[in-house]
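Inspection log for the structure reproduced underneath, given as structure tokens.
Quick note: numbers below take in every heavy atom, side chains included, and nothing from hydrogens, waters or symmetry partners. Just so we're clear, the structure is a prediction, and the values are computed from it rather than from any experiment.
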Amino acid sequence: MVWIPLTLCACGLLYSFRIGLWNIGVEGQVVAGAVASTAVLRFGVEGGAPSLMIVLAFAAGMLGGSVWAVLAGFLKTKGGVNEIFGGLGLNFVAQGITLWLIFGPWKRPGVGSMSGTELFPEYLWLPTLLSGRLSRSAGRHGAGPCGCRLGAQPYQVGACPQRGWEQCEGGVSPRREPEYLFYHAMGLAGGCAGLAGAFQVTGVYHRLIPVISSNYGYLALLVVMLANYRVWGSPWIAFFFACLNVGSIQLPIVLKLDSSLSGIIQGALVLTTLLVYGLRSAGLRRKARGEERPA
């Protein structure tokens, strides 16, 4: 229940990072997907065909996340706003919309509460299989629907400032379709994040809550950095982080340790990895400068 949405967020980040885009707005894209899924399921409460409504909820989640991500791309291409700042700003906007819906139009009967909207009926929950959630078995083959070869030949937008774009990997020139490349990348990345948001609504909380993203968008950044932006390493690092998050709940009960220990372990891992990477990069630069000196 933690591994799948975290891996989906990492998939979106991997695709956008590998083509040179810093998609820091994954958190807001998860929330946008959750809001869109909740809107569809609210219609399913009164209507029939619960299986169809769940499928539509996932489709709406992917669409919501994609639209939210494309909006950040629009701010970059049309307004000149860096995708980092645009994504962070949209994170706060998505959170604000969620709170407005929970305490306003979608509030529980008679009262608005931080516990979220009213719980959906059980027939609108993600189905179970063999006494376990279907969502838990969905991760046996890796990264789910986004684990395919997205970005196998990355466009490398902005990765070749010193040479002609025809020499870049993939041979794509930003002078031909720069806006398409941004929208394509952000849309696919946002779709993965929105799918994680739909999973949170249908398979975990069964309602919309203020912290529906569970900070998976930010945690996925650490996962991708530890994986060194590699596809196949990310699901397993995400699984390790999921174990830390779930296990931290039991730390005060079983081992009499503070639950923040898991966060300390995660932070120490990331800082150590960045330190090793920085030292290795510095060593390679010194070696390159030594080879360039005339004999």
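Checked by atom type and distance alone, the side chain of Thr117 pairs as donor or acceptor with a backbone atom of Leu208 at under 3.5 Å. Judged by distance alone, the side chain of Trp236 and the main-chain N or O of Ala227 form no donor-acceptor pair under 3.5 Å. In this structure, Asn82 contributes its side chain and Ile84 its backbone to a donor-acceptor pair below 3.5 Å. A donor-acceptor pair is defined here as one N or O able to donate and one able to accept, closer than 3.5 Å; no such pair exists between the side chain of Trp125 and the backbone of His206.
With rounding to the nearest 0.5 Å, the separation of CG in Leu269 from CD1 in Ile237 is 9.0 Å. Of the inter-residue distances, the one linking Gln29 atom CD with Cys192 atom SG reads 10.0 Å to the nearest 0.5 angstrom. The line from OG of Ser16 to NE2 of His184 is 11.5 Å long, rounded to the nearest 0.5 Å. Between atom CG of residue Leu8 and atom CH2 of residue Trp3 there is a gap of 11.0 Å, rounded to the nearest 0.5 Å. Thr38 OG1 to Phe120 CZ: the interatomic distance, rounded to the nearest 0.5 Å, is 5.0 Å. Between atom CG of residue Asn23 and atom CG of residue Leu14 there is a gap of 11.5 Å, rounded to the nearest 0.5 Å.
Taking hydrophobic clusters as Ile, Leu, Val, Met, Phe, Trp and Tyr residues chained together by side-chain heavy-atom distances below 4.5 Å, Leu56 shares a cluster with Phe199. Tracing side-chain contacts under 4.5 Å through hydrophobic residues (I, L, V, M, F, W, Y), one reaches Phe58 starting from Tyr123; they form part of the same cluster. In the hydrophobic clustering of this structure, Val35 does not group with Val55; members are Ile, Leu, Val, Met, Phe, Trp, Tyr whose side-chain heavy atoms approach within less than 4.5 Å, directly or through other members. With hydrophobic clusters built from ILVMFWY side chains whose heavy atoms lie under 4.5 angstrom apart, Val70 does not share a cluster with Leu63. Put simply, Leu226 and Tyr229 are part of the same group of oily side chains (I, L, V, M, F, W, Y) that touch within less than 4.5 Å, one to the next.
Val30 has its side chain within reach of Cys9: a pair of non-hydrogen atoms, C-beta onward, lies under 4.5 Å apart. No side-chain heavy atom of Pro235 sits under 4.5 Å from any side-chain heavy atom of Phe239.
Listed here is the closest heavy atom pair of Ile212 and Ala34: CG1-CB, 3.7 Å. In this structure, Ala238 and Val223 approach most closely via the heavy-atom pair N-CG1, 3.8 Å. When all heavy atoms are compared, the tightest approach of Ala198 to Ala57 is CB-O, 3.9 Å. What you find for Gly73 and Tyr183 is that their closest heavy atoms are C-CE2, 3.6 Å. In terms of heavy-atom proximity, Val224 sits nearest to Ala10 at CG2-O, 3.8 Å. Between Arg207 and Leu119, the closest heavy-atom pair is NH1-CD1, 3.5 Å.
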Could you give the side-chain donor-acceptor pairs of residues 93-102 under 3.5 Å, partners two or more places apart or in another chain?
{"residue": "Gln95", "atom": "NE2", "partner": "Pro210", "partner atom": "O", "Å": "2.7"}
{"residue": "Thr98", "atom": "OG1", "partner": "Ala94", "partner atom": "O", "Å": "2.9"}

Validation: residues 214-221 side-chain donor-acceptor distances under 3.5 Å, sequence neighbours left out:
{"residue": "Ser214", "atom": "OG", "partner": "Gln200", "partner atom": "NE2", "Å": "3.2"}
{"residue": "Ser214", "atom": "OG", "partner": "Tyr205", "partner atom": "OH", "Å": "3.1"}
{"residue": "Tyr218", "atom": "OH", "partner": "Asn91", "partner atom": "ND2", "Å": "3.2"}

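By the ring pair (Phe, Tyr, Trp, His ring centres under 6.0 Å) test, Trp22 is found to be paired with Phe17, residues two or more places apart in sequence or in another chain being considered.
Between the side chains of Arg108 and Ser115, at least one donor N or O sits under 3.5 Å from an acceptor N or O.
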